[in-house]
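Each remark here refers to the structure printed beneath this line.
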Amino acid sequence: MSDRWQYLLVLAACLAITAPLEFFGPGVYRQWRRLVKAVFPVAVAFLLWDEIAIAAHVWTYNGAYITGLDIPFRVPIEEVLFFVVIPICALLTYNAVSTILDRVNRR
């Protein structure tokens, strides 16, 4: 397999591993409006930060590990997905742990 898919595969693995956590408590995907309100503003802020850093030549991405698809300002699509996928995985984990701890503490 080509190395250029590694970033996307890691993001997909993160989603796959945390997907079953949706079934704990009220869920994350089932509250999609809340999810969008939590993830979207932060993702936009970090994407702007990335765009500025790339334009200023502060950092770049290794082309061997990305698909080469960019949004404007040369931000790789994988980076855009990172700012959506990782917070979703974190919210799924937080939701599941909170639910489990609530159940344990009720006993």
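Values in this document were obtained by computation on a predicted structure and should not be read as measured data. Positions are given from 1 along the sequence. As a basis for the values below, the full set of heavy atoms in this structure was taken, side chains included, without hydrogen atoms, waters or symmetry mates.
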* Can you say whether the rings of Tyr7 and Phe82 are parallel (under 30°), tilted (30 to 60°) or perpendicular (over 60°)? -> perpendicular

* Single-linkage hydrophobic cluster Leu91~Tyr29, side-chain heavy atoms < 4.5 angstrom -> yes

* Go through Thr60 and Arg74 one step at a time and tell me if the side-chain contact (heavy atoms from CB on, under 4.5 Å) criterion holds. => CA-CA 9 Å; Thr60 161; Arg74 299 176 302 180; over 6 Å; no

* To do: Apply side-chain contact (heavy atoms from CB on, under 4.5 Å) to Val75 and Ile54, showing your working.
  => CA-CA 8 Å; Val75 176; Ile54 290 169; 3.8 Å; yes

* To do: Would you name the heavy atoms of Leu15 and Cys89 that are closest together and state the gap between them?
  => N-SG, 3.9 Å

* Does the pair Phe83 and Val42 meet the rule for a side-chain contact (heavy atoms from CB on, under 4.5 Å), with working shown? -> CA-CA 8 Å; Phe83 291 130; Val42 178; over 6 Å; no

* May I ask whether Phe23 and Leu101 are part of the same hydrophobic cluster, defined by side-chain heavy atoms of I, L, V, M, F, W, Y residues being less than 4.5 angstrom apart, directly or through others? => no

* To do: Can you measure from CG (Leu35) to CD1 (Ile88) and round to the nearest 0.5 angstrom?
  => 5.0 Å

* **Step-by-step side-chain contact (heavy atoms from CB on, under 4.5 Å) determination, Val97 to Phe24** => CA-CA 8 Å; Val97 169; Phe24 287 90; over 6 Å; no

* Nearest-0.5 Å distance, CG of residue Asp3 to CD1 of residue Ile66 -> 12.5 Å

* Asked: Going through the checks in order, is the side-chain hydrogen bond (donor to acceptor under 3.5 Å, both in side chains) test met by Asp50 and Tyr61?
  -> CA-CA 11 Å; Asp50 266 12; Tyr61 299 92; 2.7 Å; yes

* Would a hydrophobic clustering, with Ile, Leu, Val, Met, Phe, Trp and Tyr connected at side-chain separations under 4.5 Å, put Leu81 with Trp49? -> yes

* Could you check if a side-chain atom of Thr99 sits within less than 4.5 angstrom of a side-chain atom of Pro26, using non-hydrogen atoms only? => yes

* Hey, could you give me the CD/CG distance between Glu78 and Asp70, rounded to the nearest 0.5 Å? => 8.0 Å

* Asked: Rounded to the nearest 0.5 Å, what separation is found between the CD1 atom of Ile17 and the OG1 atom of Thr93?
  -> 10.0 Å

* To do: Flag yes if Leu69 and Val84 sit in one hydrophobic cluster, no otherwise; membership is Ile, Leu, Val, Met, Phe, Trp, Tyr, and two members link when side-chain heavy atoms are under 4.5 Å apart.
  => yes

* Structure fact -> Those residues at least two apart in sequence (or on a different chain) that pass salt bridge (Lys or Arg N to Asp or Glu O under 4.0 Å) with Glu22 are Arg30

* To do: Give the cluster check for Leu9 versus Ile77: same hydrophobic cluster or not, with ILVMFWY residues linked at side-chain heavy-atom distances below 4.5 Å.
  => yes

* Asked: Which heavy atom in Leu21 sits nearest to a heavy atom in Asn95, and how many Å separate them?
  -> O-ND2, 4.4 Å

* **Approximate separation, where rounding is to 0.5 Å, of Phe46 CZ and Glu51 CD** => 14.0 Å

* **Within 6.0 angstrom of Phe40 CZ, more than 12 heavy atoms from elsewhere** => no

* Asked: Measuring from Gln6:CD to Leu8:CG, what's the distance to the nearest 0.5 Å?
  -> 10.5 Å

